[in-house]
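This report concerns only the one structure given below.
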Amino acid sequence: MRYTLKQLNYIDIAAQHRSITGAAKALNISASSISSAIDAIEIQTDKKLFTRLPSKGISATQFGHVFLSNARQLLKAHRSFEEAIDEQANAINGAVRMGCFTPAAPIILPLITKSVADNHPGISIHFTEGDISRNMRHVVDSKIDLAIGVSANLPSSINFVPMFVAPPHIVLPHSHPLSRRRQLSLEDICGEPMVLLDLDETRDYMFGLFGQNNLTPHVAYSSQSSEMVRSMVAAGLGYSIFNLRPLQKQQYTVGDLVRIPLAPGYRSVEYGIIHRVDAHLSKVDQVVIDTCIRLRDSGAFNRAVLPEGRAGKDHRKNVLIPA
């Protein structure tokens, strides 16, 4: 038996409308084209597909019902085939080189990577972790395509796509006398031992916060690992300051900790994606940027900051480097 998918489609539409004229109008073709498709199949099968009812259109015969059932399965399979081919043809594949500030990477990057992987499985992301200035240099030198950076001190050659603002908060041992406070100032905590995240940019940022009130912290311990700092605080060795928090509750070998927002007025951090202004963004680059914008607009990054810390003044006007 010889037939075309176009013929099967014409016959299906005619059956749905129960009218050759109605099918022709729906498809914006001549009624003779519909009739020719029906006649061609009826001649080959030597069976009637429809009974013509004067002034009442057409009605499928018993053979017509069986034929239509099989034809519709074939048409459906063909549509699925075309959709799969179109999807594959339009799929975005490739790799992107992306940098991120080391303490922020395990908090921010899994969100972005999971969303990209769910929607574009053909994209791979190769990460580079390091300090903010190093990532900036790598973007400028085109060693990486994109980076999660901050809005402070950006050269004119760099474009910044904002993602979220992260105000600072105090991290205290769970048993600390101030652990039940709703917010704190640095005056409340300055005389106590501090556990410092000892990276160049975080150190400058922390001392800058205290400098806003002419204070000097008492640094008793330091580490270049944010997880080590949190563990030392949980063990009761002092307090620390962060802008980001893990998305899930952490377990510590000794003790536990609480997070308390700083009073409004302390300098915050604005995170975003950076890339060269003159860079030719590939489709893969744009997917990652669009994913971050979508996550931002859905509030996904809000979990990485302390909610109470977002109240008060507009921190976008007073931004420095993160911790």
Side-chain angles (χ1 to χ4, degrees), residues 92 94-132 135-136 138-139 144-155 157-169 201-202 205 226 242-248 259 261-262 264 266-277 279 281-323:
I92 298 177
V96 59
R97 301 167 300 172
M98 189 171 186
C100 189
F101 183 45
T102 302
I107 298 174
I108 299 175
L109 293 184
L111 276 175
I112 299 170
T113 306
K114 179 66 164 59
S115 185
V116 170
D118 287 346
N119 295 286
H120 300 277
I123 291 179
S124 59
I125 305 178
H126 303 294
F127 296 116
T128 299
E129 297 179 36
D131 58 45
I132 292 170
N135 288 328
M136 178 71 70
H138 283 184
V139 169
I144 57 177
D145 306 302
L146 307 170
I148 303 298
V150 298
S151 60
N153 304 320
L154 292 176
S157 60
I158 293 296
N159 187 55
F160 180 82
V161 181
M163 289 164 50
F164 62 95
V165 174
H169 61 266
E201 289 147 330
T202 56
Y205 173 68
S226 55
F242 285 92
N243 293 85
L244 299 179
R245 60 175 177 174
L247 300 183
Q248 294 184 341
R259 300 174 184 275
L262 276 170
Y266 293 99
R267 294 183 178 94
S268 295
V269 179
E270 184 175 33
Y271 279 94
I273 296 183
I274 62 171
H275 63 81
R276 283 178 49 156
V277 170
L281 295 177
S282 68
K283 290 183 178 180
V284 175
D285 297 337
Q286 195 60 56
V287 163
V288 174
I289 293 172
D290 291 343
T291 296
C292 290
I293 292 173
R294 186 175 67 253
L295 290 170
R296 175 197 69 191
D297 294 344
S298 69
F301 294 121
N302 292 346
R303 293 185 295 148
V305 300
L306 205 60
E308 294 86 351
R310 294 200 302 273
K313 64 180 288 187
D314 183 0
H315 293 288
R316 291 175 185 264
K317 300 176 182 177
N318 199 13
V319 177
L320 281 185
I321 305 298

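The chain is numbered in sequence order, starting from 1.
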State, with a plain yes or no, whether a side-chain heavy atom of [X] is found less than 4.5 Å away from one of [Y].
X	Y	answer
I112	M98	yes
N159	I274	no
Q286	I92	no
V165	V269	no
T202	F101	yes
L111	L247	yes
F127	C100	no
V96	L146	yes

Hey, are Y205 and N243 close enough side-chain-wise for a donor-acceptor pair under 3.5 Å?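 Distance-only check passes for N243 and Y205.
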No-hydrogen, no-angle side-chain donor-acceptor test under 3.5 Å, D285 and S282: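 Side chains of D285 and S282: pair found under 3.5 Å.
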Please give me the minimum heavy-atom distance between [X] and [Y], naming the atom from each residue.
X	Y	answer
L244	A104	CD1-CB, 3.6 Å
I144	A147	CD1-CB, 4.0 Å
G94	V284	CA-CG2, 3.9 Å
R259	P246	NH2-CD, 3.2 Å
I273	V288	CD1-O, 4.2 Å

Between E201 and V150, is a side-chain contact (heavy atoms from CB on, under 4.5 Å) present by the stated rule, with each step listed? CA-CA 11 Å; E201 289 147 330; V150 298; over 6 Å; no
NZ/NE/NH1/NH2 to OD/OE distance under 4.0 Å, D118 and K114: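 The answer is yes: the pair qualifies as a salt bridge.
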Polar side-chain atom of R245 near backbone of R303 as donor-acceptor pair, under 3.5 Å: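 Answer holds: yes.
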